[in-house]
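Since this is a predicted model, take the numbers as computed values, not measurements.
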There are 2 protein chains.
Amino acid sequence: MATIYDVATQAGVSPATVSRVLSGKTVNAVLTKKVRAAAKALGYRANRTAQSLRRQHSKLIGLIIPDIENSYFTAIARGVEDALEPAGYSVVLCNSDSDLQKESRYVDVAVSEAMAGIIIAPANAKTDLSPLLDRGRAVVVIDRDPLTVETDVVVLADRASASELTNALFELGHERIACVTGPADVETSVQRVEGWRDAHRMRGIDPAEDLLVFSDFKVAGGQTTMQRLLDLPNPPDAVFSANNLMGAGMIETLEQRRQQVGLAVFGPLPAGAAVPRSCVISGTPGREMGRLAAERLLARIVDASTPMHRDVLEAPILPDTRSRPLA
Amino acid sequence: MATIYDVATQAGVSPATVSRVLSGKTVNAVLTKKVRAAAKALGYRANRTAQSLRRQHSKLIGLIIPDIENSYFTAIARGVEDALEPAGYSVVLCNSDSDLQKESRYVDVAVSEAMAGIIIAPANAKTDLSPLLDRGRAVVVIDRDPLTVETDVVVLADRASASELTNALFELGHERIACVTGPADVETSVQRVEGWRDAHRMRGIDPAEDLLVFSDFKVAGGQTTMQRLLDLPNPPDAVFSANNLMGAGMIETLEQRRQQVGLAVFGPLPAGAAVPRSCVISGTPGREMGRLAAERLLARIVDASTPMHRDVLEAPILPDTRSRPLA
DNA sequence: GCGACATGGCAACCATCTACGACGTGGCCA
DNA sequence: TGGCCACGTCGTAGATGGTTGCCATGTCGC
């Protein structure tokens, strides 16, 4: 591998000059030309490791998400990349699997790789960001609001959107509406439950707390929960699913059993889904969220004293058409 | 950030000893204890950047895939992680979007970050791996066989499985079977077409070349292609989709238009899919593929002279049940 | 001729690893 | 019992590749 010294020798200048030319500082036009030619001839690419060591931070951004197989999060990854790639950063996508241990290992890697910044959707409320914050690393929290720590935050309007979805079920004529949400220690889970409750309260109805289930935000959880609900002595006539994957799992069960209930799903179903007759779905602007989070992060990397932002993105109900985008 | 010097001072030893303790070389037990205590007290974590610079390679593995929103590739990512994480490596997931420019940018990053190895599903046949191979970096190619270059390769039995799927449609009584595949410059695309042709030949039938469509391996491509096929004067009575996303798009169209045709899909449909009545689906062992690729890579990192392997994984037809795994 | 400014080179620096050398101890032989 | 040799263990210092503060040199203008 050609080093900056090789280029310097070839061009007949010092390594410092090569460095200056390649990082765009003012250098005599003749030398600039010579350096450029030498670099090209040798196929020189700067050693990022050495750069990172000297500069004390790399051109890597960590993106830690709890489920790589959820299209919502992959959409976020896309958005993050949209914004970061033009700025010369590379995204390191890490799947924490909602596992605190795995997550903290990735946080450690982010620290010891001297990554320029981190965008993280915390596994749950116990996620520890202090290794990053203590060292003054740029951090943006997405999707799940930690409430306590002070970072930039980009989240969805979970509660409002959940309420809107539940309300739409009422308007379709449903009366007994179950709520299937994620783990109780995840902020989005509880917020969406609150939205489900809100919709009841707005109509002066008591939410059917016996129909509130804490599941796992995954396909399998949606499947088994729907089975359990359908087998109840007094089953619900509609279900609100607090995320997309559980919604897909529920449909899977409904298809298998050839049954129908009303369904409201937070987040778009995958393409080709067997959408039930009575069904409302909200869009989740994942890509937008990723883009915004990346912009906030870039601003903070450039100037650590940038004031904190807390962005709340709408997740409106999608028009009833079959052509739902994947994310 | 505490450095190895801080730990050395605190423990009253030289930095070299600290390094030796932390990398498990034999050191006097008393000193070992002191060093460990000092490291813990200071919250020391080794600076990976400096390590990488010194060792000439990092603990990062690049995984370059053409579509992050395809569950097949995310399953691969999971498998790769399964195998690499216990070995102390971190995966850098890069989405090339089937774009040669983006892809080559990521290859450049891999080189200049001194990544320990690369697993890549090439965007198409023009993918250039020479920057990696010339520098002797460990490379494993997955999913799409470059045929020419010499690397470890892990692929699916594209042709055989495509043939099996098409044949299953014949056995369900279909006669006029369209084939919708990906871009013509992608190896898996053409292999799967060959499989579709094989199934015809085995029955002494001429494949309906007018029903062969090169599309994009994406949902939208499946949707529009299915529309076009259905609107033909002499439409097919079944369609073979050469990947999962296009299959989902086709179902989307069928649902919208409330039409039915036979369908064979290479790769599992997403959960909750509206599976047509006459439908066969093959499984794609993505996670397995990822795991295997990672193992091959690790072997090559340890010993660059390991003989090349070419692994071909079966993609068998799934039993006809609704409970299809996501990948 | 002197001062101001532009420009490029020297060398220190980033954090870690490791070859080499120094030192100490223990054993063996005279 | 003393001296020498061998071995084991730890410290010193150089190397990894690129950046940048500081200084020397050169040029231009007054």
Interatomic distance where NE2 belongs to A/His57 and P belongs to D/dT19 [whole Å]: 12 Å
Contacts of type side chain to side chain donor-acceptor pair (under 3.5 Å), residue B/Arg105, not counting sequence neighbours: A/Glu85
Distance check needed: C/dA15 P versus B/Arg45 CZ, whole Å only. 16 Å
Answer yes or no: does a side-chain N or O of A/Gln51 lie under 4.0 Å from OP1 or OP2 of D/dT19? yes
In this structure, how many angstroms lie between the P atom of D/dG18 and the NZ atom of A/Lys59, rounded? 16 Å
Straight-line distance of A/Ile61 CD1 to A/Met115 CE, nearest 0.5 Å: 9.0 Å
What is the distance, rounded to the nearest whole Å, between atom CD of A/Glu113 and atom P of C/dA15? 15 Å
Could you pull out the protein-nucleic contacts involving nucleotides 9-14 of chain C (nitrogen or oxygen on both sides, under 3.5 Å)?
{"from": "C/dG9", "atom 1": "OP2", "to": "A/Ser14", "atom 2": "N", "distance (Å)": "3.2"}
{"from": "C/dG9", "atom 1": "OP2", "to": "A/Ser14", "atom 2": "OG", "distance (Å)": "2.8"}
{"from": "C/dG9", "atom 1": "OP2", "to": "A/Thr17", "atom 2": "OG1", "distance (Å)": "2.2"}
{"from": "C/dG9", "atom 1": "N7", "to": "A/Arg20", "atom 2": "NH2", "distance (Å)": "2.6"}
{"from": "C/dG9", "atom 1": "O6", "to": "A/Arg20", "atom 2": "NH1", "distance (Å)": "3.3"}
{"from": "C/dG9", "atom 1": "O6", "to": "A/Arg20", "atom 2": "NH2", "distance (Å)": "3.3"}
{"from": "C/dC13", "atom 1": "O2", "to": "A/Arg54", "atom 2": "NH1", "distance (Å)": "3.1"}
{"from": "C/dC14", "atom 1": "O3'", "to": "A/Gln56", "atom 2": "NE2", "distance (Å)": "2.7"}

Quick one: A/Asn28 CG to D/dG26 P, roughly how many Å, whole number? 15 Å
Test item: B/Asp128 side-chain N/O and B/Ser130 main-chain N/O as donor-acceptor pair under 3.5 Å: yes
Please report the distance, rounded to the nearest Å, between CD1 in A/Ile4 and C1' in D/dT16. 14 Å
How many angstroms lie between CD in B/Glu288 and CG in B/Asp82, if you round to the nearest 0.5 Å? 9.5 Å
Donor-acceptor contacts, no H, no angles, side chain residues 33-44 of chain B, under 3.5 Å, sequence neighbours left out:
{"from": "B/Arg36", "atom 1": "NH2", "to": "B/Val21", "atom 2": "O", "distance (Å)": "3.4"}

Gap separating the CD atom of B/Glu113 from the OG atom of B/Ser52, nearest 0.5 angstrom: 8.0 Å
So, does B/Lys25 get its side chain near the phosphate of D/dT9, meaning an N or O under 4.0 Å from OP1 or OP2? no
